[in-house]
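Notes to accompany the following structure.
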Amino acid sequence: MILNGLNDAQKKAVLHTEGPLLIVAGAGAGKTKTMVHRIAHIVSLGVSPSKILAVTFTNKAAKEMRERAVKLLEETSISFDSREVPFISTFHSLGVFLLRRFGAHGGKTKRFTIMDDGDTTALIKEVLQSMGLDPKQNDPRGLKGIISRCANAMQTPEELMSESNPTYRLAGRVWQKYISEKQKQNSLDFDDLLLQTLDMLENNTEVKSWANNSWQYIHIDEYQDTNEVQYRIAKALTGESKNLCVVGDSDQSIYSWRGANIKNILEFEKDFPEAEVVLLEENYRSTKTVITAANGIIKQNVHRQEKNLYTNKHEGEPISLYGAYDEADEARFIVERCVERLDAGVEASDIAVLFRANFQSRVLEEAFLAHNIPYQVLGVRFFERKEVKDVLSYIRASLNPESLGDIKRIINVPARGIGKVTIAKIFSGGKDTLPAKTLIAVNKFYDLLLNIKDYAESHCASEVIKFVITETKIDASLKAEPDGEERLENLQELVTLGLRYDHHEGLVGIEKLIEEATLMSDQDELVESRKLKVESRGGVKLMTVHASKGLEFNTVFVTGLEHGLFPHERGERLTGADAEEERRLMYVAVTRAREKLYLTYASMRTIYGMRDVRLPSEFLSDIPDELITRESRDGEAGFTVYL
């Protein structure tokens with residue numbers, strides 16, 4: 001019964017219960033099913049369910065695995081105590097469990113508060129103030145990001161304090177005091193839940209002995225996404241029996257920027273020379289055409305576990321390739337093909353448009369609205385992104401200094417030491433009562449608004465946006481942030497939008513742009529409500545490739561397949577590990593499609609207001625030509641470059 005419905009490779013993974021096991025599970029190869037059946041099989045051998053631990057990355061995945069495991073145990077009529085179930089959780093939930101049981105802060109307390117991101121930022125702000133530093137001049141969120149990344153890389157405050165970069169040295173000093181304050185308050189942040197758990201497992205023999213005796217069969221899901229801390233937790237949980245089963249796919253490792261280390265899965269056999277390795281290569285999701293294309297793309301990578309996906313599904317439709325003239329032509333093509341798929345009976349919610357960079361969503365959103373097609377942006381819609389709203393607020397405030405909402409939003413962006421009390425005094429007529437230093441900062445801010453207005457009166461819309469980005473120093477402040485490059489790309493796209501209004505004289509162009517941005521936000525809300533009324537189909541999903549991992553759709557569009565955009569170079573030619581990760585990202589994008597895959601690129605794309613000639617992505621040449629049908633739009637030829 002337990003082995004019913006499993007292929008030979010899955011059965012092999014399920015039946016191997018003793019010793020280390022690496023399950024290399026290709027996209028759509030049924031890894032969760034395999035893990036669930038393996039857990040049930042271990043219980044059928046007489047092992048108590050409570051002796052089994054499975055760790056994954058999201059609460060949703062943990063909940064699904066837990067429910068499926070319990071259901072399978074009940075369906076197979078395996079005799080077990082229903083009060084005992086496998087311990088299936090995320091890494092963080094496991095940490096909370098152990099720290100509540102054995103005590104946080106070196107075993108000193110079992111009662112502690114878990115701090116969310118807001119709590120963490122607030123405490124760092126308090127630490128800055130206690131050090132005599134102004135949080136308005138030293139961004140608490142930025143310092144929090146530096147501290148978190150270094151903590152997960154197993155660095156110490158002292159190491160950070162020895163860095164040459166003054167911001168990192170400051171972060172080290174803040175981190176040191178931040179740790180002390182957390183201890184005083186019996187509080188832990190998200191990073192602590194892992195770090196202190198690791199410290200207990202590695203340095204407290206009582207805790208390690210209890211964990212090893214309690215959980216004799218360890219399962220780690222999405223092993224390719226583990227960072228250094230999670231990797232060491234997994235090793236520490238493994239007892240002398242070495243009954244560690246890890247599941248993952250090096251070809252889907254796309255989170256190095258979060259600290260994930262692909263070496264953890266690639267070197268599993270080095271850590272455990274006696275490990276059994278099982279390849280799950282049968283894909284149950286996609287057509288043969290999609291799988292053949294995916295194999296052609298990923299086999300170019302060197303650092304991977306060799307495998308070859310296959311499927312017993314039908315051949316499927318050919319892959320459609322469209323070489324657009326520009327990004328607007330690309331967006332219109334995508335919308336037109338979406339209409340065709342909807343007319344063919346495909347649910348709107350079963351169609352996804354994937355892009356490499358967030359800024360690409362703007363022109364796509366515009367096209368979907370123009371054609372009245374329901375859509376949903378997974379993430380933040382273009383005009384709702386903070387950096388976009390900040391720049392537009394600067395322009396609005398320069399044209400209308402009485403706009404309290406805009407002034408509140410940007411008077412301290414970037415940080416210039418102006419807080420809520422100061423703003424209240426300004427708008428209540430108490431500007432003259434401000435301290436001299438604060439008054440200077442306020443006057444400089446209003447001078448900046450005057451400069452923006454003067455510039456706007458004599459320059460076109462796109463030039464005004466560029467002026468605001470540089471004159472306010474928003475660009476410089478973003479460059480210092482972890483996601484700054486991506487957010488700068490969104491501002492560059494705003495400049496590109498401004499080109500549309502450059503033919504207007506005086507302030508007319510920039511005023512019309514601001515009007516469109518405001519109305520676009522209103523229309524977005526209409527789309528959100530309207531999409532619920534379209535036969536309950538939901539809307540076409542627009543998202544980054546990163547956001548699509550773990551999802552699947554009948555129809556997938558992979559857009560912007562141009563050299564420099566996808567693969568994304570961020571100003572430098574990619575080499576080595578970064579280049580391979582971009583290719584893995586393309587592999588993930590392609591394998592989201594069940595039935596139909598569209599690939600698009602533009603021969604011209606406007607970036608930061610500049611028209612740029614584009615070359616097709618190298619990934620396109622990795623797909624066998626016989627799988628591809630080159631398309632054109634009715635009435636417009638597009639611009640196809642033959643590869």
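- Between the Gln224 side chain and the Ile265 main chain, no donor and acceptor come within less than 3.5 Å of each other.
- A donor-acceptor pair is defined here as one N or O able to donate and one able to accept, closer than 3.5 Å; no such pair exists between the side chain of Glu267 and the backbone of Asn264.
- Asn283 contributes a side-chain N or O that, together with a main-chain N or O of Arg285, makes up a donor-acceptor pair within less than 3.5 Å.
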message: Assess the residue pair Glu67 and Lys63 against the criterion (salt bridge (charged side-chain N to carboxylate O under 4.0 Å, His left out)); give the C-alpha distance rounded to whole Å, side-chain angles, the decisive distance to 0.1 Å, and a yes or no.
response: CA-CA 6 Å; Glu67 290 174 347; Lys63 181 174 182 289; 2.7 Å; yes
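- The closest donor-acceptor contact from the side chain of His16 to the backbone of Lys12 lies at 3.5 Å or more, if one exists at all.
- Crowding of Lys549 atom NZ: a count of heavy atoms from other residues, nucleotides or ligands under 6.0 Å exceeding 12.
- A distance of 6.0 Å separates CZ in Arg614 from CG in Leu565, rounded to the nearest 0.5 Å.
- With hydrogens and angles left out, the side-chain atoms of Asp191 and Asn152 include a donor and acceptor closer than 3.5 Å.
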task: Decide yes or no on side chain to side chain contact (heavy atoms under 4.5 Å, CB included) for Thr197 and Leu99, but give the supporting numbers first.
output: CA-CA 7 Å; Thr197 296; Leu99 291 166; 3.8 Å; yes
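- In this structure, Ser286 and Thr311 approach most closely via the heavy-atom pair O-OG1, 3.4 Å.
- Few gaps surround NZ on Lys288; more than 12 heavy atoms of other groups in view lie less than 6.0 Å from it.
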- prompt: Please walk me through it: do Glu365 and Arg381 pass salt bridge (charged side-chain N to carboxylate O under 4.0 Å, His left out)?
  reply: CA-CA 8 Å; Glu365 290 180 63; Arg381 293 189 292 271; 5.1 Å; no
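- Residues that satisfy the side-chain contact (heavy atoms from CB on, under 4.5 Å) test with Thr120, not counting sequence neighbours, are Met115, Ile124, Lys144, Tyr178, Asp189.
- One finds a salt bridge joining Arg583 and Asp622 here, because a Lys/Arg side-chain nitrogen approaches an Asp/Glu carboxylate oxygen to under 4.0 Å.
- Proximity of the aromatic rings of Phe87 and Phe97 is defined here by a centroid distance below 6.0 angstrom, and this criterion is met.
- Side-chain atoms of Val55 and Ile88, non-hydrogen and from C-beta on, never get closer than 4.5 Å to each other.
- Tested against Arg605 for a side chain to side chain donor-acceptor pair (under 3.5 Å), the candidates Gln360, Glu330, Glu327 yield a single pass: Glu330.
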- request: Please report the C-alpha distance between Arg341 and Asn554 in whole Å, then the side-chain angles of each, then the deciding distance to 0.1 Å, and finally whether the side-chain hydrogen bond (donor to acceptor under 3.5 Å, both in side chains) criterion is met.
  value: CA-CA 10 Å; Arg341 301 301 287 183; Asn554 172 285; 3.2 Å; yes
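- Although no hydrogens or angles enter the test, the distance criterion places no donor-acceptor pair under 3.5 Å between the side chain of Ser253 and the main chain of Ser250.
- Geometrically, Arg584 does not engage Tyr587 in a cation-pi contact defined by less than 6.0 Å to the ring centre and at most 45° from the axis.
- The backbone N or O of Phe333 lies less than 3.5 Å from no partner atom in the side chain of Glu336, so there is not a single donor-acceptor pair.
- Within 6.0 Å of atom NZ in Lys11, more than 12 heavy atoms from other residues, nucleotides or ligands are found, so the atom counts as buried in its surroundings.
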- request: Before giving the answer on side chain to side chain contact (heavy atoms under 4.5 Å, CB included), spell out for Leu599 and Leu597 the whole-Å C-alpha distance, their side-chain angles and the decisive distance to 0.1 Å.
  value: CA-CA 7 Å; Leu599 306 176; Leu597 178 64; 4.0 Å; yes
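- The existence of a salt bridge linking Arg337 and Glu340 is confirmed by a sub-4.0 Å separation between a basic side-chain nitrogen and an acidic carboxylate oxygen.
- Here the NZ-OG1 distance, from Lys235 to Thr226, works out to 11.5 Å after rounding to the nearest 0.5 Å.
- Salt-bridge formation is detected for the pair Asp249/Lys307: a Lys NZ or Arg NE/NH1/NH2 atom is positioned less than 4.0 Å from an Asp or Glu carboxylate oxygen.
- In the displayed structure, Arg141 atom CZ is contacted under 6.0 Å by at most 12 heavy atoms of other residues, nucleotides or ligands.
- Cation-pi geometry between Lys596 and Tyr598 is met: under 6.0 angstrom from the ring centre, within 45 degrees of the axis.
- Although no hydrogens or angles enter the test, the distance criterion places a donor-acceptor pair under 3.5 Å between the side chain of Arg592 and the main chain of Val588.
- A side-chain contact (heavy atoms from CB on, under 4.5 Å) with Thr600 is found for exactly one of Val558, Leu561, Ile334, namely Ile334.
- Proximity of a side-chain donor or acceptor of Arg594 to a complementary backbone N or O of Thr555 within less than 3.5 Å is not detected.
- Put simply, the side chain of Asn227 does not reach to within 4.5 Å of the side chain of Arg258, judged on heavy atoms.
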- request: Start with the C-alpha distance between Glu282 and Asn312, add both sets of side-chain angles, then the distance that settles side chain to side chain contact (heavy atoms under 4.5 Å, CB included), and finish with yes or no.
  value: CA-CA 8 Å; Glu282 183 175 357; Asn312 288 313; 2.9 Å; yes
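- In this pair, Tyr223 and Tyr231 present their aromatic rings tilted. The plane angle is within the 30 to 60° band.
- Within the 4.5 Å cutoff, side-chain heavy atoms of Tyr601 are placed close to those of Leu620.
- Under the 4.0 Å criterion applied to side-chain N and carboxylate O atoms, Glu64 and Arg68 are assigned as salt-bridge partners.
- Remark: side-chain polar atoms of Arg356 are not paired, donor with acceptor, to backbone N or O of Pro567 under 3.5 angstrom.
- By the side-chain contact (heavy atoms from CB on, under 4.5 Å) test, Thr56 is found to be paired with Ala61, Ala62, Asp221, residues two or more places apart in sequence or in another chain being considered.
- Distance check, rounded to the nearest 0.5 Å: CZ of Arg232 to CG of Leu195 gives 9.5 Å.
- A distance of 7.0 Å separates OG of Ser548 from CZ of Phe553, quoted to the nearest 0.5 Å.
- The residues Glu493 and Arg385 are annotated as not salt-bridged, no charged nitrogen and carboxylate oxygen being separated by less than 4.0 angstrom.
- Once rounded to the nearest 0.5 Å, the distance linking CD1 of Ile298 with CZ of Arg304 reads 5.5 Å.
- No option in Leu188, Asp119, Leu193 other than Leu193 meets the side-chain contact (heavy atoms from CB on, under 4.5 Å) test with Ile114.
- Sorted by first and then second residue, the pairs that involve residues 32-43 and meet side chain to side chain donor-acceptor pair (under 3.5 Å), not counting sequence neighbours, are Arg38-His219.
- No side-chain donor-acceptor contact under 3.5 Å links Asn295 to the backbone of Asn308.
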- request: Determine, stepwise, if the pair Asn261 / Tyr255 fulfils side-chain hydrogen bond (donor to acceptor under 3.5 Å, both in side chains).
  value: CA-CA 8 Å; Asn261 191 344; Tyr255 295 120; over 6 Å; no
Leu342 and Ile373: CA distance, side-chain angles, deciding distance, side chain to side chain contact (heavy atoms under 4.5 Å, CB included) verdict: CA-CA 10 Å; Leu342 292 170; Ile373 303 298; 4.2 Å; yes
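- Of the residues listed (Glu489, Glu562, Glu582, Glu486), the one engaging His568 in a side chain to side chain donor-acceptor pair (under 3.5 Å) is Glu489, and it is the only one.
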